[in-house]
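Worth saying up front: this structure is predicted, and the values here are computed from it rather than measured.
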Amino acid sequence: MSAREDVKTFLSLPMDFSSIELEPCSDAEPYFCTPAGAEIIGWLNGTHFILLPGDETVYCVEPGLGEVGTFVLPVGRDFREFLSYLLYCKCTSPISQIFMLDEPGFRHLLQENDQNTWPGCEETFRSRDRALALLAETFGIQPQDPYAAVRAMQAAFAPSVLVFSDEYYDVLGLETPRAPEAQTERCAPADLEHFS
């Protein structure tokens with residue numbers, strides 16, 4: 001089954017997507033660093049996960065913590081692999097931060113997440129656990145530790161293959177590498193307040 005068919009199945013599931021930090025966002029406007037043609041499959045406070053045209057790989061777009069070369073990085077060879085990493089981490093934020101963490105830092109983040117509680121958190125955790133169980137059952141997957149695999153994938157990735165809108169280059173003050181006739185249409189203005 002293709003990643004896009006798996007995403008359709010995922011989006012049809014009766015679950016609380018916010019509990020795993022992967023909310024559907026069909027009407028979300030792209031950020032300045034969202035690659036041209038990206039299909040957004042889930043969202044959390046600006047960080048979003050995408051598929052690119054003709055590619056099964058799941059990418060993370062990290063507008064707040066990223067920089068040139070790390071705004072968009074692979075986080076799964078396909079959607080099921082990405083979901084197996086989600087089962088391991090229990091939410092998407094550790095996956096999105098792998099690029100900037102050494103392994104002890106990643107393990108510490110997972111531990112902090114496990115210990116993070118607040119009044120009334122029990123229902124949130126029950127909802128999360130139900131969502132994770134449903135994902136495991138629906139896709140026939142088991143939790144997989146993402147750290148080494150994602151770091152290797154990211155180390156081998158060449159961001160130069162990504163195509164960005166003119167806005168990307170404008171926001172970063174970079175020269176657009178394409179001839180004017182080959183430039184893509186500008187994306188909707190990004191909400192840059194997230195970065196101040």
Side-chain angles (χ1 to χ4, degrees), residues 2-4 6-8 10-11 17-18 20-79 81-82 85-86 89 91-102 105-106 109 146-147 149-196:
S2 76
R4 282 159 180 80
D6 283 340
V7 169
K8 285 180 187 174
F10 169 75
L11 294 174
F17 295 95
S18 66
I20 57 170
E21 302 176 343
L22 194 61
E23 296 187 61
C25 52
S26 58
D27 60 348
E29 295 201 9
Y31 277 68
F32 75 97
C33 56
T34 304
E39 178 183 341
I40 300 174
I41 57 178
W43 190 274
L44 169 71
N45 298 327
T47 300
H48 45 295
F49 298 88
I50 63 168
L51 296 173
L52 293 174
D55 194 347
E56 294 286 296
T57 303
V58 176
Y59 295 87
C60 177
V61 180
E62 183 52 82
L65 301 174
E67 56 188 29
V68 174
T70 63
F71 281 122
V72 183
L73 289 170
V75 290
R77 289 175 297 177
D78 58 38
F79 191 63
E81 182 174 79
F82 170 71
Y85 298 156
L86 175 57
C89 295
C91 61
T92 61
S93 59
I95 301 169
S96 70
Q97 295 179 57
I98 286 175
F99 79 96
M100 63 182 202
L101 297 172
D102 60 14
F106 176 71
L109 178 59
Y147 187 80
V150 170
R151 287 291 290 213
M153 204 177 353
Q154 292 176 349
F157 179 64
S160 60
V161 303
L162 298 169
V163 177
F164 292 103
S165 70
D166 292 345
E167 184 180 12
Y168 173 83
Y169 301 99
D170 291 346
V171 167
L172 298 174
L174 301 172
E175 186 176 332
T176 304
R178 300 180 297 281
E181 63 274 6
Q183 293 179 8
T184 60
E185 290 185 21
R186 297 176 67 88
C187 291
D191 179 3
L192 297 180
E193 292 177 17
H194 294 284
F195 314 111
S196 57

Query - Y169 (side chain) donor-acceptor with P177 (main chain) under 3.5 angstrom - result: no

Query raised in the report: For L22, does its backbone N or O pair with a side-chain atom of T92 as donor and acceptor, under 3.5 Å?
Result: no

Query raised in the report: Take atom CZ in R151; do more than 12 heavy atoms of anything else shown fall under 6.0 Å from it?
Result: yes

Query raised in the report: side chain to side chain contact (heavy atoms under 4.5 Å, CB included) between L51 and F79: does it pass, once the steps are laid out?
Result: CA-CA 9 Å; L51 296 173; F79 191 63; 5.6 Å; no

Query raised in the report: So do the side chains of L162 and L52 get within less than 4.5 Å of each other, counting heavy atoms only?
Result: yes

Report task. Go through E67 and T70 one step at a time and tell me if the side chain to side chain contact (heavy atoms under 4.5 Å, CB included) criterion holds. Result -> CA-CA 5 Å; E67 56 188 29; T70 63; 3.4 Å; yes

Requested in this report: Could you pull out the closest heavy-atom pair between C33 and V72, with the gap in Å?
Outcome: O-CG2, 3.4 Å

Query raised in the report: For P74, does its backbone N or O pair with a side-chain atom of Q154 as donor and acceptor, under 3.5 Å?
Result: yes

Query raised in the report: Side-chain contact, heavy-atom cut-off 4.5 Å: D78 with D6?
Result: no

Report task. Show the numbers, then the answer: is there a side chain to side chain contact (heavy atoms under 4.5 Å, CB included) between L73 and E62? Result -> CA-CA 8 Å; L73 289 170; E62 183 52 82; over 6 Å; no

Query raised in the report: Roughly how far, to the nearest 0.5 Å, is CG of D55 from CD of E39?
Result: 11.5 Å

Query raised in the report: Nearest 0.5 Å, what's the CZ-OG1 distance between F71 and T34?
Result: 10.5 Å

Query raised in the report: Between Y59 and F157, is the ring centre distance below 6.0 Å?
Result: yes

Query raised in the report: Given the rule in the side chain to side chain contact (heavy atoms under 4.5 Å, CB included) test, do F32 and L172 qualify, once you have shown the distances and angles that lead to the verdict?
Result: CA-CA 9 Å; F32 75 97; L172 298 174; 4.0 Å; yes

**Report entry** Closest heavy-atom pair and its distance - Y31, G46
**Finding:** OH-CA, 3.4 Å

Query raised in the report: Do side-chain atoms of E56 reach the backbone of A3 as a donor and acceptor pair under 3.5 angstrom?
Result: yes

Report task. To the nearest 0.5 angstrom, please state how far the CD atom of Q97 sits from the OG1 atom of T47. Result -> 8.0 Å

Query raised in the report: Roughly how far apart are F106 CZ and I98 CD1, rounded to 0.5 Å?
Result: 4.5 Å

Query raised in the report: Parallel, tilted or perpendicular: which describes the rings of F164 and Y168, with under 30° parallel and over 60° perpendicular?
Result: parallel

Report task. Would you please indicate if the ring centroids of F17 and F10 are separated by under 6.0 Å? Result -> yes

Report summary line: Heavy-atom closest pair (L109 atom, P94 atom, distance to 0.1 Å) is CD2-CA, 3.7 Å

Query raised in the report: Going from OG on S93 to CG on L86, what distance comes out if it is rounded to the nearest 0.5 angstrom?
Result: 10.0 Å

Query raised in the report: Between Y147 and L101, what is the shortest heavy-atom contact and its length?
Result: OH-O, 2.7 Å

**Report entry** Nearest heavy-atom neighbours spanning I50 and I41
**Finding:** N-CG1, 4.0 Å

**Report entry** Closest heavy-atom pair and its distance - M153, V75
**Finding:** CE-C, 3.9 Å

Query raised in the report: Out of curiosity, L44 CG to S96 OG, how far, rounded to the nearest 0.5 Å?
Result: 7.5 Å

